[in-house]
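For reference, the structure discussed in these notes is given below.
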Amino acid sequence: MSRKKDSSNIQKFSLPNTDAFKTIDSTNIYNKELYILLEKGQNLIRINKLDEAYEIGKKLITNYRNNYDVIMYVADIFRINRNHAEAIRLYEEGIKLKPYKPDVYFFLASVFLNMGNPSQAIKYCQICIEKDKNFNSIYSVYAVALYQNQNLTKAKKICEKAIKLDGLNAKLANTMAVINHGLNNYEDTEHYLIKALDFDKNDIHHLYNYGSFMKVINKKEKSISIFKDILSNIQNKDFKNLQGRNHEKENILQTQAKAFQSLSEIAPEEISSKKINEIDDIIKDENLDNYIKAFLCFGMWEIKSSTKDKNAFNYLNNANQAYREHIFKTKGWVEYPFEKIESNWKSSKEIFNDKFFSKKRVRGHTSKQPIFILGMPRSGTTLVEQILGSHSRIDAAGELQEVYQLSNRIKSEYKNNFKKGIDEIQINKIQELGNIYLDNTKRFLSKKGNGLIDKMPGNYLHIGLIKFIFPNSKIIHVHRNPIDTCLSIYSKLFSHGHLYGYNLEDLGKRYNMYVELMNHWDKVLRNEIYHLKYENLIENLEDETKKLLNFCDYDFEESCLTFYKNPRPISTASVMQVRKKIYSTSIERWKLYSDQLKPLTNILDKKDDKF
């Protein structure tokens with residue numbers, strides 16, 4: 001029987017819903033033969049012989065259907081093989097048998113984390129801790145789940161607890177680095193990345209993270225060197241022989257694919273023709289894992305589009321299709337959940353309407369410190385942040401989660417009823433929320449009295465809440481040609497979020513929704529949002545910068561025009577672009593691919609510029 005066929009069998013195997021089984025309750029009866037088989041199976045799992053372990057599992061599940069240890073054993077095989085649905089079903093059966101056991105909740109949390117469902121992972125982490133607060137292994141999973149759910153401050157606290165309980169190891173050092181990076185704590189990020197490498201300097205995953213961080217802190221040459229080292233050992237045969245069974249090997253290949261994509265973005269000239277041909281051959285393998293394929297194809301798009309190769313867009317389509325299929329399979333989606341999002345946005349518009357602001361205008365925090373730069377991703381927000389952040393009296397904090405966290409805070413305090421929370425909130429509570437924001441962001445201030453930029457593009461969803469809490473804040477909405485914006489989104493593989501961006505029709509629909517929402521904010525807030533057109537900024541940098549600074553109540557400084565000399569860390573996809581002087585090659589770039597972009601342009605609202 002071939003290895004590929006065995007893998008298919010494991011994926012399709014499910015438990016019959018019948019009572020036609022022998023049953024043994026292992027709490028009352030010790031069966032020597034059973035536990036010899038379980039031990040043999042566990043040893044097979046440890047050496048990655050899942051086919052043989054699975055055959056033992058089939059025999060055991062038939063003869064000992066209600067045995068907790070058997071169910072956990074078979075569930076583990078499914079979990080390791082990433083058959084999430086079957087693993088969950090079995091772990092839930094394990095809960096029915098022994099609801100007091102913490103390990104089953106730990107494994108469920110791990111499965112949901114691998115599925116990209118951090119909310120469910122958090123739920124089972126909390127139950128596991130309730131069952132046994134000394135179940136040390138849960139805390140590292142809990143920290144990652146909180147990080148993925150954008151609760152970074154709590155994620156850091158939980159990770160610190162995991163380190164206190166188990167001591168610092170490579171995995172926890174890496175987790176702390178990732179969390180600190182999300183919090184824009186760059187010194188701590190580098191500290192923990194180096195710690196992770198101290199445990200194993202050749203670990204490819206930690207090397208990749210370190211190389212990515214070097215790009216963030218403007219050490220491009222170091223980043224290039226690391227990515228090239230990772231790629232030096234990439235072998236065509238490794239990808240072809242993988243077939244999804246050796247997951248450690250698969251993780252290594254995923255990291256190599258990421259390194260290829262990263263290097264192609266920052267220095268495509270450093271990749272040899274031989275290496276490009278090898279990657280092209282790998283991509284043609286029909287059995288290639290979609291996640292790996294996505295990174296390789298995004299990398300090939302970067303290389304081919306830089307030379308205006310006529311086949312470049314084919315790589316881009318293949319990249320987006322592969323990543324979309326990977327994400328949708330992981331999340332169990334059939335289509336992007338527009339209905340849920342539209343309902344949430346409609347609710348926000350109903351809460352923050354004309355009457356709301358006319359009634360509650362004087363109730364917010366008095367601070368004038370926050371400057372919010374927002375808009376669609378890839379619209380020029382990072383460039384505007386870099387320009388303003390080069391002013392001596394303005395500090396740039398990057399993309400912060402603070403507004404999102406304030407929104408969640410209101411929801412949690414009013415039992416997930418955000419509207420009720422906003423309606424009933426008292427003046428002192430608004431002041432408290434404002435102070436929480438200012439306290440959490442003061443670490444980014446180089447000196448007291450400076451303005452602070454929060455450049456989270458997605459804050460356009462929360463403009464009503466921002467102006468409710470900080471009526472004196474400055475809101476800068478950056479926008480550019482809709483088709484250029486959407487093409488730029490479509491051409492990037494984001495580290496998280498923006499899952500609408502991997503399909504041209506979904507992307508067009510989401511863009512139209514964004515325009516409709518921004519029109520609503522314009523209507524209810526009138527002239528309080530500064531609309532900056534990216535193309536105008538490129539064509540007349542000095543004049544547009546002066547107008548922008550005037551809106552923010554700052555005098556003009558020449559340093560804002562030499563923003564590309566600012567060495568501050570940048571974590572966004574635009575990191576390489578904003579370290580260059582102003583250039584116009586990205587304007588109307590979409591015309592190179594007008595035929596391929598018709599699925600997008602047929603959906604986009606034809607009124608080019610609403611703002």
Side-chain angles (χ1 to χ4, degrees), residues 147 152 156 159 168 170-234 251-272 275 279 295-296 298-299 302-303 306 382-383 385-386 389-390 395-400 443-444 455 492-496 563-581:
Y147 167 79
L152 304 186
K156 185 177 179 181
C159 195
L168 187 65
K171 182 179 178 181
L172 287 172
N174 189 66
T175 301
M176 278 295 281
V178 171
I179 292 169
N180 276 292
H181 190 192
L183 288 165
N184 294 347
N185 295 334
Y186 295 113
E187 286 186 14
D188 288 343
T189 300
E190 186 164 13
H191 168 77
Y192 281 107
L193 285 172
I194 292 171
K195 284 288 184 184
L197 286 169
D198 284 345
F199 285 101
D200 184 355
K201 65 180 181 180
N202 296 316
D203 185 286
I204 191 171
H205 312 300
H206 303 326
L207 277 171
Y208 173 77
N209 286 343
Y210 192 54
S212 298
F213 183 68
M214 291 296 100
K215 181 173 68 172
V216 168
I217 61 173
N218 202 21
K219 294 184 178 180
K220 179 181 175 182
E221 295 307 315
K222 180 67 172 176
S223 182
I224 290 171
S225 174
I226 291 171
F227 292 146
K228 287 178 73 174
D229 284 347
I230 293 172
L231 284 176
S232 64
N233 294 320
I234 198 168
N251 287 336
I252 290 172
L253 297 178
Q254 286 176 357
T255 302
Q256 289 178 320
K258 289 178 182 179
F260 172 75
Q261 187 259 342
S262 295
L263 185 58
S264 71
E265 278 190 327
I266 63 175
E269 70 280 359
E270 295 285 344
I271 304 175
S272 68
K275 185 66 67 180
I279 298 297
F295 280 95
L296 295 179
F298 272 113
E302 294 288 347
I303 293 167
S306 68
T382 304
L383 173 61
E385 181 193 30
Q386 187 78 342
S390 298
D395 292 306
E399 297 185 352
L400 303 179
R443 69 185 187 276
F444 299 111
K455 191 212 78 78
K492 292 295 176 184
L493 202 166
F494 293 91
S495 59
H496 59 272
F563 60 87
Y564 48 87
K565 295 180 180 179
N566 189 337
R568 72 179 187 87
I570 300 171
S571 297
T572 72
S574 304
V575 55
M576 301 312 299
Q577 291 93 323
V578 299
R579 300 214 190 273
K580 302 175 183 176
K581 293 181 180 181

**OP:** Answer yes or no: is there a side-chain heavy-atom contact under 4.5 Å between Asn251 and Gln254?
**Re:** yes

Original post:
Could you give the distance from CG (Asp188) to CD1 (Ile179), rounded to the nearest 0.5 Å?
Top reply: 11.5 Å

Original post:
If every non-hydrogen atom of Pro268 is compared with every non-hydrogen atom of Ile303, which pair is closest and at what distance?
Top reply: CB-CG1, 4.1 Å

Original post:
Where do Ile230 and Gln256 come nearest, in terms of heavy atoms and distance?
Top reply: O-NE2, 3.6 Å

Original post:
Is there a side-chain contact between Tyr210 and Glu190, using heavy atoms and a 4.5 Å cut-off?
Top reply: yes

**OP:** For Ile224 and Ala267, work out which heavy atoms get closest and say how close.
**Re:** CD1-CB, 3.6 Å

Original post:
Do Asn185 and Arg443 pass the side chain to side chain donor-acceptor pair (under 3.5 Å) test, and can you show the C-alpha distance, the side-chain angles, and the key distance before you say yes or no?
Top reply: CA-CA 9 Å; Asn185 295 334; Arg443 69 185 187 276; 3.0 Å; yes

Original post:
Could you go step by step and tell me if Phe260 and Ile271 meet the side chain to side chain contact (heavy atoms under 4.5 Å, CB included) rule?
Top reply: CA-CA 9 Å; Phe260 172 75; Ile271 304 175; 3.9 Å; yes

Original post:
For Tyr186 and Asn184, what are the C-alpha separation, side-chain angles and deciding distance, and is it a side chain to side chain donor-acceptor pair (under 3.5 Å)?
Top reply: CA-CA 6 Å; Tyr186 295 113; Asn184 294 347; 3.3 Å; yes

Original post:
For Gly398, does its backbone N or O pair with a side-chain atom of Glu385 as donor and acceptor, under 3.5 Å?
Top reply: yes

**OP:** Measure the shortest side-chain to side-chain distance between His181 and Asn209 over non-hydrogen atoms and say whether it is less than 4.5 angstrom.
**Re:** no

**OP:** Taking Lys275 for its side chain and Leu231 for its backbone only, find out whether a donor-acceptor pair lies under 3.5 Å.
**Re:** yes

Original post:
In Å, rounded to the nearest 0.5 Å, how long is the span from CG of Leu207 to CG of Leu193?
Top reply: 10.5 Å

**OP:** Output, in order, the C-alpha distance, side-chain angles, deciding distance and verdict of side chain to side chain contact (heavy atoms under 4.5 Å, CB included) for Phe563 and Leu383.
**Re:** CA-CA 8 Å; Phe563 60 87; Leu383 173 61; 3.5 Å; yes

Original post:
Roughly how far, to the nearest 0.5 Å, is OG1 of Thr382 from CD of Glu399?
Top reply: 6.0 Å

Original post:
Is the closest side-chain heavy-atom distance between Met176 and His191 below 4.5 Å?
Top reply: no

**OP:** For the pair His206 and Lys171, evaluate side chain to side chain contact (heavy atoms under 4.5 Å, CB included) and give the outcome as yes or no after the intermediate values.
**Re:** CA-CA 9 Å; His206 303 326; Lys171 182 179 178 181; over 6 Å; no

**OP:** Please indicate whether Glu269 has more than 12 foreign heavy atoms, meaning atoms of other residues, nucleotides or ligands, lying under 6.0 Å from its CD.
**Re:** yes

Original post:
Checking Ser262 side chain against Ala259 main chain: does a donor-acceptor pair fall under 3.5 Å?
Top reply: no

Original post:
Do Ser225 side-chain atoms and Lys222 backbone N/O form a donor-acceptor pair below 3.5 Å?
Top reply: no

Original post:
With side chains defined as the heavy atoms from C-beta onward, is the minimum distance between Asn174 and His205 less than 4.5 Å?
Top reply: no

Original post:
So, do Tyr208 and Phe227 have ring centers that fall under 6.0 Å from each other?
Top reply: yes

Original post:
Hey, what do you get for CG (Asp203) to CD1 (Ile252), rounding to the nearest 0.5 Å?
Top reply: 8.0 Å

**OP:** List the atom of Leu400, the atom of Phe444, and the distance in Å for their closest heavy-atom pair.
**Re:** CD2-CE1, 3.7 Å

Original post:
Which heavy-atom pair separates Ala396 from Gly389 by the least distance, and what is that distance?
Top reply: CB-CA, 4.2 Å

Original post:
Just one of Lys219, Glu221, Lys220 clears the side-chain contact (heavy atoms from CB on, under 4.5 Å) bar with Met214, so which one?
Top reply: Lys219

Original post:
Once you round to the nearest 0.5 Å, how far does OH of Tyr192 lie from CG of Leu172?
Top reply: 10.0 Å

Original post:
CD1 of Ile279 to CG of Leu296: how many Å apart, nearest 0.5 Å?
Top reply: 5.0 Å

Subject >> Side chain Ser223, main chain Ser212, donor-acceptor under 3.5 Å >> reply: no

